[in-house]
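Below: one structure, written as structure tokens.
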Amino acid sequence: MSTQQWSAQAEAVRRQREQSLPLPESLGEFVRERAALMGERVAAVWFEQDRRLTYGDLHRLANRLAHSLWALGVRKGTHVAVMLGNSPAFVLSWIAIGRLGAVMVPVNTAYKEEEIRFVLADSDAQYLIVDAAFLSRVHAMGELPPLLDDSRIIVHGGSAEHTVRWEELLEQGSEDFVPVTPVARTDLLNLQYTSGTTGFPKGCMLSHDYWMIHACNSARHRRPESGGIENVLIWAPFFYMDPMWQFLMTLQLGGTAYIADRMSLSRFMDWLIDYRIHYCIFPEPALSQHPPSGRDAQVQLKYISIYGWTENARREVQRRFGVVAREGYGMTEIGTGLLVPTGATEKALLRTCGLPMVFREVQICDEQGQPVPDGEEGELCVTGRGIFWGYYKRPQANAESFRGRWFRTGDIFRRDADGFYYLVGRIKEMIKRSGENVAANEVEAVLRAMDGIEEAAVVPVPDPLRREEVKAYLKLREGLGPEDVPPQAVFEHCARHLAAFKVPRYLQYMTEDFPRTPSRKIAKKTLIAQTTDPFAGTYDRQEGKWR
């Protein structure tokens, strides 16, 4: 029996043990328990705003806000949209809404009028908490969605002219408030809108149990042998799910969350050093943005999460910072489904997403929904306690997304003999070339492993003969141009690592950064939509010329 095989079995035993451990009943109870235990320890620091809250502050201030929201008419089941930046107001609003048994609807702060209107109407939002900086876009919608009116718009950071001010609600509420209606783990907490692959986003219905599983199990699996994690860096916008579970995980760890207003690759290394960060989601481009230097010795990282890194980058972060970069796999719909265990250090160098997390069952299925043998590819399906209920008011999407109790992720995976899972690609990002399936994910990984290439995005383009062809957008490392990383060198590199049919036919060099999602993933839909002619400015490998 191999070491990795034993590790997989040991993790399965640990999963069973941890599934028997009690979890908090609700978000409100969780914060109350943490405040009782941690008292006036600092829970969060918004370092660019010079703001901080203790565990006790979170509990007391959320109680005040919950009391005022209740007096305003918010009740259990009320849908409250929240359009706030990374500020204390976001987390306090979330806790207060959850304490009442109401439902928070996070709204992307980059949304324009039409997108805001869609989310407010689709989610049946009855109240809106909005930062004054975004209020003009709400007003620009004209007529409000049916369930909203001006008296139920709560403005954060606004002036006295606004009817309802968030700060006044916080000041006027009672710290001793006790909600009249109990909240259970099976109650709805969030309507979390996903970006989706086409059209407008869909609202994922997420319970209190979903978030408690995510918080507690993320903390249990991030306890490195080098000592406990105390300082956590959070850099993504809070309307996105990653910062929310990282925040709750930090509370469960008894640590302090250091929260940035927004991501800055240029300041990333300063943040790691200045705030003695032990844990973060580490963006791969930060490695090339900050080449090896004497400052590396000041970094105190103990555990980092990564997504889709090359093996070279995984080895580099170990060499520079003495920390293992561990992959995982998650979705808004399921939370964290897979994670590389702490002890599986050799496996962490591979592009594996790891093993099933606590409360998660996974299987890889063929098109008929039957499990496939190890080594074969198929769609990853997930089930388990606390996954999302389904998409809000989307019966057709729910029918297509579930096969019995199993949620169909839309991602192609394979599993090795040790039980570790590997992401091959997304079904909707598979390029169909002459009857062959090309996984964009695989081609991108090969491209990023080439010296000089910082990031790559691979997409299909129409082809009359082969149905689709492979096109790669390349972002080169700073200071480099196409003459430094010429097309022929890129094609030769790909040919050494990929089957011939997977080698891109077209290359396009990015002169600016990629469009991105809030989690800094490349927004391929936007990239494609912005390209009026997919062949203009590309190098055609087959014809050997620029088009």
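We use all heavy atoms of the structure for the numbers below, so side chains are in, but hydrogens, waters and symmetry mates are not. For reference, positions follow the sequence shown, starting with 1.
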Practice item. Determine the interplanar angle of the Tyr509 and Trp546 rings, folded into 0 to 90°, and report it as parallel if under 30°, tilted if 30 to 60°, perpendicular if over 60°. Key: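 The rings of Tyr509 and Trp546 sit tilted, inter-plane angle from 30° to 60°.
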Practice item. Working to the nearest 0.5 Å, report the span between CD of Glu454 and CE of Met510. Key: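 The distance works out to 12.0 Å.
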Check your understanding: Quick one: NZ on Lys471 to CG on Asp463, what's the gap to the nearest 0.5 Å?
Key ->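 These two atoms lie 13.5 Å from each other.
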Check this for me, if you would: do [X] and [Y] make a salt bridge, where the nitrogen-to-carboxylate-oxygen distance has to be below 4.0 angstrom?
X      : Y      : value
Arg408 : Glu379 : yes
Glu327 : Arg351 : no
Glu455 : Arg516 : yes
Glu469 : Arg466 : yes
Asp374 : Arg414 : no

Say whether [X] and [Y], considering side chains only, have a donor N or O and an acceptor N or O under 3.5 Å apart.
X      : Y      : answer
Asp416 : Tyr422 : yes
Asn108 : Tyr193 : no
Tyr473 : Thr538 : no

**Study point:** Close aromatic pair by centroid cut-off 6.0 Å: Phe47 and Tyr275
**Key:**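 When the ring centroids of Phe47 and Tyr275 are compared, they turn out to be within the sub-6.0 Å range.
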Point to revise | Name of the residue among Arg15, Arg385, Arg405 meeting salt bridge (Lys or Arg N to Asp or Glu O under 4.0 Å) with Glu361 | key: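 Option passing the salt bridge (Lys or Arg N to Asp or Glu O under 4.0 Å) with Glu361: Arg405.
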